[in-house]
Amino acid sequence: MRGENWGRGGVEADDAGGQVMGERVGERDIARYHLAGGEYRDIDNVGTHEYAQLSEGWLEGHIIECPLHAGQVDVRTGKALCAPVEKDI
């Protein structure tokens, strides 16, 4: 679910989590995740299988699903979880 309550510093404090936002930080494209329980994680926004912005995918719990080929990545660790993603972020 894409967030609607994003501000300059991220998500509003009363947000329950389950949101992702892509942003450019210097030369890097970053996906910023707000997970349940107030946990925040940032990982590269570009998938390792093909060029796809993970922030455009589907976040369920702590797993992001790539919008191109449905590969999945654990946003807490960057670990690739299923094909076609084979390389961790």
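This is a predicted model, so every value here is computed, not measured. Atom set for the values below is all heavy atoms of this structure, side chains included, hydrogens, waters and symmetry mates excluded. In this chain, residues are counted from 1 in sequence order.
Here Asp44 pairs with Arg28 under the salt bridge (charged side-chain N to carboxylate O under 4.0 Å, His left out) rule; sequence neighbours left out. Applying the salt bridge (charged side-chain N to carboxylate O under 4.0 Å, His left out) criterion to Glu50, with sequence neighbours excluded, gives no partner residue. Among residues two or more places apart in sequence or in another chain, the side-chain contact (heavy atoms from CB on, under 4.5 Å) test is passed with Leu81 by Ile63, Gln72, Asp74, Lys79. Asp42 is linked by a salt bridge (charged side-chain N to carboxylate O under 4.0 Å, His left out) to Arg32, counting only residues two or more places apart in sequence or in another chain. The ring-ring contact (aromatic ring centres under 6.0 Å, His included) test applied to His62 returns no partner, not counting sequence neighbours.
Between Leu54 and Val75 there is no side-chain heavy-atom pair separated by less than 4.5 Å. Side-chain contact between Cys66 and Trp58: absent, with no pair of heavy atoms (C-beta onward) separated by less than 4.5 Å. Between Glu39 and Arg76 the shortest side-chain heavy-atom distance falls below 4.5 Å.
A distance of 10.5 Å separates CG of Leu68 from CD of Glu56, quoted to the nearest 0.5 Å.
Val25 forms part of a hydrophobic cluster together with Ile30, judged by ILVMFWY side-chain heavy-atom separations under 4.5 Å.
Asn45 places a side-chain N or O within donor-acceptor distance of the main-chain N or O of Ser55, the cut-off being under 3.5 Å. Side-chain N or O atoms of Thr48 include none that pairs as donor or acceptor with a backbone N or O of Asp88 at under 3.5 Å.
In terms of heavy-atom proximity, Gly71 sits nearest to Val85 at CA-CG2, 3.7 Å. Contact between Ala31 and Val20 at its shortest, heavy atoms only, is CB-CG2, 4.3 Å.
Placement of Tyr33 and Val46 in two distinct hydrophobic clusters is found when ILVMFWY residues are connected by side-chain heavy-atom separations under 4.5 Å, directly or transitively. A continuous path of hydrophobic side-chain contacts links Leu35 to Ile43 [ILVMFWY only; heavy atoms under 4.5 Å].
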Derivation of the side-chain contact (heavy atoms from CB on, under 4.5 Å) call for Glu23 and Met21: CA-CA 7 Å; Glu23 65 181 284; Met21 175 180 71; 3.2 Å; yes
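Residue Glu60 places its CD atom among 12 or fewer non-hydrogen atoms of other residues, nucleotides or ligands, all under 6.0 Å distant.
Ring orientation note: the planes of Tyr40 and His34 are close to parallel, at an angle under 30° on the 30°/60° scale.
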